[in-house]
Amino acid sequence: MKIAVIGAGPAGITAAYKLSGELKSGRISRLDVYEISAHIGGLSKSLEMWDQTVDLGPHRFFSHDPKINSLWLEVVEKDFDIVNRQTRIFYKNTFFDYPIQASNALKGLGFFQAVLCVFSYVWQLLFPYKKADTFESWVSNRFGKRLYRIFFKTYSEKLWGIPCDRLDSDFASQRIKKLSLFEAIKNALFQGNKNKHATLVDQFAYPLHGTGSVYEKMAEKIIANGGSIHLNTGVEKVITSGRTVTGLELNNGKSIEYDQIISSMPLSLLVTRLPETPYDIKELAQSLKFRNTVLVYLRIDKTDLFTDQWLYIHSADLKTGRITNFRNWVPDLYGNEKSSILCLEYWCNFEDPEWQLDDASYIALGTEEIIKTGLIGSGKVLDGKVVRIPRCYPVYFKGYKEKLKPIEEYLDTIKNLQVIGRYGAYKYNNQDHSILMGIMSAENIFSEKKNNLWNINTDYEVYQESSIITKTGLISTNP
Ligand SMILES: Cc1cc2nc3c(=O)[nH]c(=O)nc-3n(C[C@H](O)[C@H](O)[C@H](O)COP(=O)(O)OP(=O)(O)OC[C@H]3O[C@@H](n4cnc5c(N)ncnc54)[C@H](O)[C@@H]3O)c2cc1C
């Protein structure tokens, strides 16, 4: 059996890592990973910058799933540390805990605002949105309109570029889950771990050499097992015959035959280039929207700027939405360097003038904004670099599910093709979701019982005992 994997991000590289064992057993005769860029790790790669290591914005790995955590530990071995998470919201020059803590939020807003927020919450309890299918209605029902406007609206609109009443509630239900003002107050009153909401996790495991080192290690193992990784080699299209996969066409003009293909290339590109796709499915695929990110890295001549790994910037007068401070992850990232690297995130669409802005203008904007926040005090910006990442956020606009469903159903009719990953399956995945998709797609190739990959990061729950990674290994988090 010849297998090709498209994309060397967490999803693709995990699938190939799991399959590579079968090269030795002889069940697979050829395993190739094609990666259009020059790097392993996709959006989760790490980069060397000014003699330090950085990620593409913040990259915290976290999962409760023993399957994902065991794989991560198997790969990372002992090369990780536990980081005490601190991530706050920066709003009107005040820091607020994130995830929101009731007493901290209400105290930070001042007595008058706090009273209005509580009234607004009670009002919403009495008169909730009947249909909480948009981000605005979903969050307002849980926090009240006033807290929604302060803590959710500006940030979400910066990120997604559309008003929150046109954003599907899926984004909120995946990321905020069961948290509400009521839950937050309950947590404040009963601080025991048992009452802590799932998103209130205050520690995480981080690889000593950057998040990308996990995927580089997997790549080494794939090659050691006899697989091949072809960097700078994009897949132009998947070739099918009678709705069965027969091979790939590469961007260097070559065509190669395969029996099974696992794809993490952007779903819209895969579908529009599939030879037999009906016109209406191609049209639906083209209507899916991805948001781009511009990362502005600034090197600051100080080492004690602020203590968070990253900050969410809710103030509407700042264009940046998030600021990462790589000094606060693990010391191995900066070694003996006596400067801090900050990363400011700007989000835009292809058609926006911001996507065309040159690097010098972005560095000037980042410098102006970081000084405006007051976060660097007397520190000076020594240098700047810009990294652009197209199509990195699949946009859950209102109605996206109706467009996605027929595409999923059509792809399910193509034999021996599996689609996985963040832009591969149009899912707002974190690394853990993409790793799980990789594991499950590999399992699907040999198992009779097929995992439904579309459910991951939607309906998928951890059925086994749930666990978290600690310095001494996995521990169960079941009561
Ligand atoms: C700014 C930012 C911050 C994030 N923070 C976190 C975080 O804190 N925690 C967390 O867990 N996750 C975080 N994520 C999400 C995480 O990066 C992704 O979930 C993860 O990288 C997705 O893996 P993937 O393999 O599905 O997709 P990707 O990482 O996008 O990998 C897909 C790969 O396919 C390649 N490819 C595309 N087209 C082709 C083609 N035609 N041929 C061959 N190769 C192709 C791409 O170059 C890429 O390498 C963040 C993402 C961003 C952008």
Side-chain angles (χ1 to χ4, degrees), residues 4-17 32-46 54-63 68 72 83 85 87 159 174-175 201 204-207 211-212 214-215 218-219 229-238 248-252 261-270 272-273 290-297 309-310 312 320-324 329 343-347 387-394 419-439 441 453 456-457:
V5 175
I6 310 175
I13 213 80
T14 303
Y17 173 82
D32 290 313
V33 180
Y34 293 101
E35 169 55 50
I36 199 165
S37 76
H39 303 274
I40 303 285
L43 297 173
S44 303
K45 71 180 173 192
S46 297
V54 296
D55 296 335
L56 297 178
H59 267 82
R60 174 188 80 126
F61 169 81
F62 191 82
S63 172
I68 301 169
W72 195 91
V83 179
R85 171 183 173 154
T87 51
L159 175 57
Q174 276 177 19
R175 292 294 163 114
V201 207
F204 61 90
Y206 184 81
T211 235
V214 182
Y215 310 104
M218 285 194 199
I229 300 179
H230 309 268
L231 296 178
N232 299 308
T233 314
V235 169
E236 198 54 32
K237 59 180 170 196
V238 170
L248 285 181
E249 188 182 306
L250 303 176
N251 62 0
N252 58 17
I261 289 171
I262 298 176
S263 166
S264 70
M265 70 188 276
L267 184 72
S268 46
L269 296 183
L270 172 84
T272 46
R273 292 175 188 174
F290 291 91
R291 192 116 164 112
N292 303 337
T293 302
V294 179
L295 301 173
V296 179
Y297 292 88
Q309 285 88 39
W310 70 89
Y312 296 101
T320 184
R322 194 161 51 176
I323 302 179
T324 307
W329 293 69
C343 174
L344 284 73
E345 282 168 70
Y346 295 91
W347 300 298
V387 174
R388 285 155 213 269
I389 26 181
R391 292 195 186 87
C392 52
Y393 286 90
V419 299
I420 57 171
R422 177 148 155 149
Y423 46 32
Y426 203 78
K427 294 269 182 187
Y428 184 35
N429 277 3
N430 270 331
Q431 293 171 84
D432 53 314
H433 305 116
S434 281
I435 290 174
L436 187 63
M437 283 181 155
I439 297 173
S441 61
L453 302 174
I456 297 174
N457 198 4

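Heavy-atom basis, side chains included; hydrogens, waters and symmetry copies ignored. Counting convention: from 1, in listed order, for ligands and their atoms alike.
Look at G424 and you'll find every heavy atom at least 4.0 Å from all atoms of ligand 1. Judged by the shortest distance from any of its heavy atoms, I6 lies inside the 4.0 Å radius around the atoms of ligand 1.
Figure legend: cation-pi geometry between R422 and Y393, with NZ or CZ positioned under 6.0 Å from the six-membered ring centre and within 45° of its axis.
Neither the backbone nor the side chain of R391 comes within 4.0 Å of ligand 1, counting heavy atoms alone. Contacts between L295 and ligand 1 below 4.0 angstrom, taking non-hydrogen atoms only, are absent altogether. For K45, no heavy-atom contact with ligand 1 is shorter than 4.0 Å.
When hydrogens are left out, the protein atom nearest atom 50 (C) of ligand 1 is H59 NE2, 3.3 Å; that is the closest non-hydrogen contact. Here the heavy atom of the protein found nearest to atom 44 (N) of ligand 1 is I36 N, 3.1 Å. Considering only non-hydrogen protein atoms, atom 34 (O) of ligand 1 sits nearest to G7 CA, 3.3 Å. Of all protein heavy atoms, the one closest to atom 42 (N) of ligand 1 is V235 N, 2.9 Å. Closest to atom 32 (C) of ligand 1 among all protein heavy atoms lies Y423 CE1, 3.6 Å.
The aromatic ring centroids of F290 and Y426 lie less than 6.0 Å from each other.
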Can you list the steps and then say if Q431 with F62 is a side-chain contact (heavy atoms from CB on, under 4.5 Å)? CA-CA 8 Å; Q431 293 171 84; F62 191 82; over 6 Å; no
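Which of G41, G438, P58 comes nearest to atom 3 (C) of ligand 1 through a heavy atom is settled by distance: it is P58. Counting only non-hydrogen atoms, the option in H39, R60, Q309, E35 that gets closest to atom 9 (N) of ligand 1 is R60.
S46 places a side-chain N or O within 3.5 Å of a backbone atom of T211 that can act as its donor or acceptor partner. A distance-only check finds a donor-acceptor pair linking the side chain of H59 to the backbone of L43 [under 3.5 Å].
Atom numbering of ligand 1 starts at 1 in the shown order; those under 4.0 Å from a heavy atom of S44 are 16 (C), 17 (O), 20 (C), 21 (O). Near L56, meaning under 4.0 Å from any of its heavy atoms, are these atoms of ligand 1: 1 (C), 2 (C), 3 (C). For ligand 1, the atoms closer than 4.0 angstrom to any heavy atom of G234 are 42 (N), 43 (C). With ligand atoms numbered from 1 in the order given, ligand 1 contributes 9 (N), 10 (C), 11 (O), 12 (N), 19 (O) to contacts under 4.0 Å with heavy atoms of Q431.
Legend: residues meeting salt bridge (Lys or Arg N to Asp or Glu O under 4.0 Å) with E345, ordered by chain and number and at least two apart, are R322.
Any N or O atom pair closer than 3.5 Å counts here, and P10 shares at least one such pair with ligand 1.
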